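Let me begin by presenting the structure, written as structure tokens, before commenting on it.
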2 protein chains.
Amino acid sequence: MHSVLAYTDGGCRGNPGLGAWGYVLINVATGSALARACSEANTTNNRMELAAVLNALCALSKPDTEILIRSDSKYTIDSCSTWLAGWKKRGWKRATGPLKNVDILQQLDVELAKHGVKFEWVKGHAGDRGNEYVDGLLNECMDLGATGSIERRLQWD
Amino acid sequence: MHSVLAYTDGGCRGNPGLGAWGYVLINVATGSALARACSEANTTNNRMELAAVLNALCALSKPDTEILIRSDSKYTIDSCSTWLAGWKKRGWKRATGPLKNVDILQQLDVELAKHGVKFEWVKGHAGDRGNEYVDGLLNECMDLGATGSIERRLQWD
RNA sequence: AGACACCGAAUACC
DNA sequence: GGTATTCGGTGTCT
């Protein structure tokens, strides 16, 4: 059983506007970590928060990985761990109005099924080391413009 | 029709902390001016900026005075000239969360109705003579402690 | 009505 | 470099 800790975050300058998603994946046993961020034009904060989780999960090399994801987005956490099942059952519809970000939500549904994923909410901008690190990466990435990309290997300890 | 020019300013050591509000009222026709400042314990910068305008208006002896107020606080200017009407209409509520400094805002609503008040924003600490004068008065007043008070009559020309 | 996030602006301070 | 006082808005869901 592999054990991974992840921090994910998304941000947007303008909302909608220039955005970016980012994550750090940490191998708990060894402390070796992979950090990634990507920017995108004309997107939204919530879409980026969702994309951060999706991309983190896609980066897992082995199936059935046990992973704990820390995010500051209640929308993202509730989407993945509470609401997604209901939306799927009802044909990807919500109570009133159209369900947003369905494309990402459906990919998330697939990826979530491949692993043992747990979520934990962390308050944003409150000194949490992992959250602040990814937030910083995000902003570096947005500074690069609409097609920025950052990949870093680091030791987390 | 009386024509008055006023500079108002508020400040705070610590925010929240020891604060003070101040103003200069200038009779444009004669150049005779009245300057006042008062300090207060445990208050906020924005509250002091608001209080500066309120106290300036209360100092006007005659009703229906035409007065131009110069402040460096966009918060204060927008509150008085843009947002106040909407807050009143909606029962002193803002878009999300509680509306702060409602007590002063409501008194402001009363005083603003009594006169012909216009606002002009001036950049703080940028060499504007009136703004700098009041800022100096404020700081003298805070030097006096939590219950300081200054009143001066002067010739503005 | 609630929650979280994202942004924008100005000021005040340390 | 940081924090606090304040406001406006959008993105999203229940």
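Here the structure is a predicted model, which means the values were calculated and not measured. Labels below follow one simple rule: chain letters A, B, ... track the order of the sequence lines, proteins then strands, and each chain is numbered from 1.
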- Task: Report yes or no: does A/N15 contribute a side-chain atom to a donor-acceptor pair with the main-chain N or O of A/N45 at less than 3.5 Å?
- Result: yes
- Rounded interatomic separation in angstrom, taking CZ from A/R13 and P from C/A9: 12 Å
- Task: Assign A/L99 to base, sugar-phosphate, or nothing according to its heavy-atom contacts below 4.0 angstrom with the strands shown.
- Result: sugar-phosphate
- Contact check, side chains of B/E49 and B/D9, non-hydrogen atoms, under 4.5 Å: yes
- Do A/V28 and A/L154 share a hydrophobic cluster (ILVMFWY, side-chain heavy atoms under 4.5 Å, transitive)? yes
- Interatomic distance, A/D9 CG vs C/C6 C1' [rounded to whole Å]: 10 Å
- Query: Does A/H125 put a side-chain nitrogen or oxygen below 4.0 Å from OP1 or OP2 of C/C6?
  - Reply: yes
- Message: In the structure I gave you, are the side-chain heavy atoms of A/L84 and A/W92 within less than 4.5 Å of one another anywhere?
- Response: yes
- Task: For residues A/D143 and A/R13, determine if any side-chain heavy atom of one lies less than 4.5 Å from a side-chain heavy atom of the other.
- Result: yes
- If you round to the nearest 0.5 Å, how far is CG of B/L50 from CG of B/L108? 5.5 Å
- Task: Mark yes or no for whether B/D135, through its side chain, and B/N131, through its backbone, hold a donor-acceptor pair below 3.5 Å.
- Result: no
- Item | DNA chain D contacts made by residues 133-149 of chain A, counting heavy atoms under 4.0 Å | none
- Closest to the 5' end of RNA chain C, once B/K123 and A/C12 are matched to their nearest nucleotides, is A/C12
- Message: Whole angstroms only, please: what is the CG-C1' distance between B/N42 and C/A12?
- Response: 15 Å
- Query: Tell me, which stems hold DNA chain D, with a stem being 3 or more Watson-Crick or G-U pairs in a row and both distances under 3.5 Å?
  - Reply: C:1-14 with D:1-14
- Task: Round to a whole Å and report the spacing from CG of A/N101 to P of C/C6.
- Result: 16 Å
- Query: What is the distance, rounded to the nearest whole Å, between atom OH of B/Y75 and atom P of C/C13?
  - Reply: 16 Å
- Query: What nucleic acid atoms does B/G10 come within less than 4.0 Å of, heavy atoms only: base, sugar-phosphate, or nothing?
  - Reply: sugar-phosphate
- Establish whether A/F119 and A/W21 are linked, either directly or via other cluster members, by ILVMFWY side-chain heavy-atom contacts under 4.5 Å. yes
- Expected output: side-chain B/S71 to main-chain B/S73 donor-acceptor under 3.5 Å: yes
- Message: Reading DNA chain D in the 5' to 3' direction, which nucleotide is the first one with an atom under 4.0 Å from a heavy atom of chain B, and which is the last?
- Response: D/dA4 to D/dG9
- Task: Taking the side chain as every heavy atom from C-beta outward, state whether A/R129 and A/V24 have any atom pair closer than 4.5 Å.
- Result: no
- Query: Rounded to whole angstroms, how far apart are CG on B/N131 and P on C/U11?
  - Reply: 10 Å
- Message: With a 4.5 Å cut-off on side-chain heavy atoms, are B/T43 and B/C12 touching?
- Response: yes
- When you measure from the side chain of A/N27 to the backbone N and O of A/T30, does any donor-acceptor pair fall under 3.5 Å? yes
- Task: Check DNA chain D against residues 82-89 of chain A and give the residues with a non-hydrogen atom under 4.0 Å, in numerical order.
- Result: A/W83, A/W87
- Base C/C13 to side chain B/N15, donor-acceptor N/O within 3.5 Å cut-off: no
- Message: My understanding is that only residues two or more places apart in sequence, or in another chain, count here; which of them pass salt bridge (Lys or Arg N to Asp or Glu O under 4.0 Å) with A/D128?
- Response: none
- Task: Please report, rounded to the nearest Å, how far the C1' atom of C/A3 is from the CH2 atom of A/W121.
- Result: 10 Å
- Message: Need to verify one output field. Residue with the more 5' nearest nucleotide on RNA chain C, A/S73 or A/G14?
- Response: A/S73
- Task: Could you check if a side-chain atom of B/I69 sits within less than 4.5 angstrom of a side-chain atom of B/L57, using non-hydrogen atoms only?
- Result: yes
- Item | Within one Ile-Leu-Val-Met-Phe-Trp-Tyr cluster: A/V134 and A/M142, side-chain cutoff 4.5 Å | no
- Query: To the nearest 0.5 Å, what is the distance between OG (A/S79) and CG (A/L99)?
  - Reply: 8.0 Å
- Query: Nearest 0.5 Å, what's the CZ-OG distance between A/R153 and A/S32?
  - Reply: 8.5 Å
- Query: Do any of residues 43-54 of chain A sit with a heavy atom less than 4.0 Å from DNA chain D, and if so which?
  - Reply: A/T44, A/N45, A/N46, A/R47
